[in-house]
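In what follows, a structure is listed as structure tokens, so that the remarks can point back to it.
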Amino acid sequence: MGRAFVYVIVGGGVAAGYAAHEFVKRGVSHGELCIISEETVISLSLSIYIYICVCVCVYICNVSVVVPVAPYERPALSKGYLLPEAPARLPSFHCCVGSNEERLAPKWYNEHGIELILGTRVKSADVRRKTLLTATGETISYKYLIVATGARALRLEEFGVNGSDAANVCYLRDLADADRLVNVMQSCSGGNAVVIGGGYIGMECAASLVINKLNVTMVFPEAHCMARLFTPKIASYYEEFYQSKGVKFTKGTVLTSFDFSPDGKVTGVNLRDGSKLPADMVIIGIGIRPNTSLFEGQLTIEKGGIKVNSKMQSSNSSVYAIGDVAAFPVKIVGETRRLEHVDSARKAARHAVAAIMEPEKTGEFDYLPFFYSRVFTLSWQFYGDNAGEVCHFGDFSGNSSFGAYWINKGHLVGSFLEGGTKEQYEAIAQATRVKPKVEDLAELERQGLEFALSVSQKPPSSQPIDVASSDMVMQKPLYAWHAATGVIVAASIAAFAYWYGTRRRRW
């Protein structure tokens, strides 16, 4: 048994939804596109009435029902989904509401002739024969394949710690994880929550746990939170803010084991430094690993993901990869990277579809790395690369916005801003893309946000910006140099004229 499609997307996350939307915008025909996703959620809302023979006794029980899920905006899971009041729930955050576009509920796919094969795992892939085999035994063939399989959460067992299956230990990667986390969180309101990990998931979940009135302790091995992005000064601001909300930090150590109750629930978290934390629930946020297993040995793997070119095309010309699973050339930093963020997934999805349907009109994927977060009353955005020297600016006391620039090899390569306006965020993005030259860090600190605003307001050059020759230089005026150059050129011309005239008289 098998079916054939022109385009097949494997995966059901953000990237898949945005790719489908782009296919429709570019006029894909009914019946040409198929999405295969294994993601499901367990629903407990269905009640079944059971009558025993002719007795008048009626038994009412809630039955777990596995429900397949169409692509949705995954960032909602660590934000609005965990709120105690008016929490986000499907269908409100199906793609593509995250970019203020239409919401792609399951009905939308049907109306546009897109086949959804949901709740179905792809068992194997053969890129040479252009076929996929599902766990149900069906063979799906394609002309073009887009791999949007995303990534999975790293498990404790991969680090030698047992206990992931305990009833009150939670991960957060998909809708099923989020439902489980909400149920556990509601069951221990006022209790102790331990968050393992100081990255995105850890920070956003910790904020939600506090809002849900739990006592929260974060544990991570680094010297400060968000160590892959934040500087110590930036991290200190957020840690102090979290502490003012009641969050405690245990840094420089890791989880080694759990204590369990007789019914198998975690009651304590044991750390390498010898300390122990009481726990009514534990959230694990220690990183992710791309889902590449279907294609290992068939496609080139780099940086842990499927290596693609600037059109998101893999080492097999019929296969494209997008989202967390793709390692693509980031032009602005000059190297291949795998970026774990929704913005990258959305934009790569659109670019890949454009490259497939209109290859002659589609250029390189020139992406500016972008990360953001919103917790409590805080909101920050980062653009570019956090490499080189750091220049902090603004008010770190909490009364107004603050930020940082990263300067590498004399050029601005990264910008961070907390508490900015829409226009200010757009300015730091534009300034980072332009990569202006910076010679005086003290002056840059003095100008602060005004530097990005001034750079972003300059008219764009008709030629691509060359880092080595960018004329957006923050330095002292060069009038004296210009004058000296003019004198030298004038003298050279005069000398040449005298020499030439002398030679003509000789002829």
Side-chain angles (χ1 to χ4, degrees), residues 14 74-75 78-79 98-99 197-204 207 220 222 224-239 241-242 285 287-288 323-324 328 330-335 337-348 366-396 398 400-408 411-436 438 441 444-445 447-453 455-456:
V14 172
R74 204 173 294 276
S78 60
K79 299 179 178 69
S99 56
Y200 253 110
I201 292 297
M203 294 294 285
E204 294 191 348
F220 46 85
E222 297 85 4
H224 59 78
C225 67
M226 294 289 290
R228 291 171 59 183
L229 176 60
F230 288 178
T231 66
K233 185 171 184 176
I234 293 173
S236 177
Y237 174 87
Y238 290 100
E239 288 179 7
F241 188 95
Y242 271 56
I288 62 174
D324 290 350
F328 63 93
V330 182
K331 188 176 180 180
I332 199 166
V333 300
E335 66 180 42
R337 290 189 179 179
R338 193 180 55 77
L339 300 178
E340 301 169 359
H341 197 269
V342 63
D343 183 70
S344 170
R346 291 168 179 160
K347 292 175 180 175
D366 188 8
Y367 180 69
L368 176 66
F370 168 56
F371 301 91
Y372 75 90
S373 185
R374 292 186 296 271
V375 292
F376 296 119
T377 57
L378 306 176
S379 177
W380 60 261
Q381 293 186 15
F382 169 86
Y383 294 89
D385 189 23
N386 60 335
E389 295 182 88
V390 183
C391 175
H392 297 95
F393 62 85
D395 181 9
F396 279 77
S400 62
S401 63
F402 66 86
Y405 296 120
W406 280 260
I407 312 303
N408 194 26
H411 289 265
L412 188 149
V413 297
S415 300
F416 174 96
L417 182 63
E418 162 64 44
T421 64
K422 180 176 182 292
E423 293 73 21
Q424 290 170 341
Y425 286 131
E426 290 173 349
I428 66 168
Q430 176 61 17
T432 306
R433 182 173 288 281
V434 170
K435 300 178 74 170
V438 176
L441 291 182
L444 179 63
E445 181 180 0
Q447 291 189 24
L449 187 56
E450 289 302 315
F451 175 68
L453 291 168
V455 170
S456 67

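Quick note: numbers below take in every heavy atom, side chains included, and nothing from hydrogens, waters or symmetry partners.
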Does any N or O in the side chain of [X] come within less than 3.5 Å of the main-chain N or O of [Y], such that one atom is a donor and the other an acceptor?
{"X": "Tyr405", "Y": "Gly448", "value": "yes"}
{"X": "Ser456", "Y": "Leu453", "value": "yes"}
{"X": "Ser236", "Y": "Pro232", "value": "no"}
{"X": "His392", "Y": "Ala404", "value": "no"}
{"X": "Arg74", "Y": "Val14", "value": "no"}

For the [atom1] atom of [X] and the [atom2] atom of [Y], what is their distance to the nearest 0.5 Å?
{"X": "Tyr372", "Y": "Glu418", "atom1": "OH", "atom2": "CD", "value": "14.5 Å"}
{"X": "Tyr237", "Y": "Thr231", "atom1": "OH", "atom2": "OG1", "value": "13.5 Å"}
{"X": "Arg433", "Y": "Leu368", "atom1": "CZ", "atom2": "CG", "value": "5.0 Å"}
{"X": "Ile288", "Y": "Glu340", "atom1": "CD1", "atom2": "CD", "value": "3.5 Å"}
{"X": "Cys391", "Y": "Leu441", "atom1": "SG", "atom2": "CG", "value": "6.0 Å"}
{"X": "Cys225", "Y": "Tyr200", "atom1": "SG", "atom2": "OH", "value": "12.0 Å"}

- NZ or CZ of Lys347 within 45° of Tyr367 ring axis and under 6.0 Å: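 No, Lys347 does not lie over the aromatic ring of Tyr367.
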Side chains of [X] and [Y], heavy atoms from C-beta outward: is any pair under 4.5 Å?
{"X": "Lys435", "Y": "Leu412", "result": "no"}
{"X": "Ser373", "Y": "Glu204", "result": "yes"}
{"X": "Ile428", "Y": "Phe416", "result": "no"}
{"X": "Leu449", "Y": "Gln424", "result": "yes"}

Which pairs of donor and acceptor atoms, one on a side chain in residues 380-388, lie under 3.5 Å apart (sequence neighbours left out)?
| residue | atom | partner | partner atom | Å |
| --- | --- | --- | --- | --- |
| Gln381 | OE1 | Tyr383 | OH | 2.7 |
| Asp385 | OD1 | Arg337 | NH1 | 3.1 |
| Asp385 | OD1 | Arg337 | NH2 | 3.2 |
| Asp385 | OD2 | Arg337 | NH2 | 3.2 |
| Asn386 | ND2 | Arg228 | O | 2.9 |

- Query: Does the ring center of Tyr238 lie less than 6.0 Å from the ring center of Phe230?
  - Reply: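 When the ring centroids of Tyr238 and Phe230 are compared, they turn out to be within the sub-6.0 Å range.
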- Message: Using every non-hydrogen atom in the two residues, find where Ala227 and Glu222 come nearest and quote the distance to one decimal.
- Response: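 Between these two residues, the closest heavy atoms are CB-CG, 3.5 Å.
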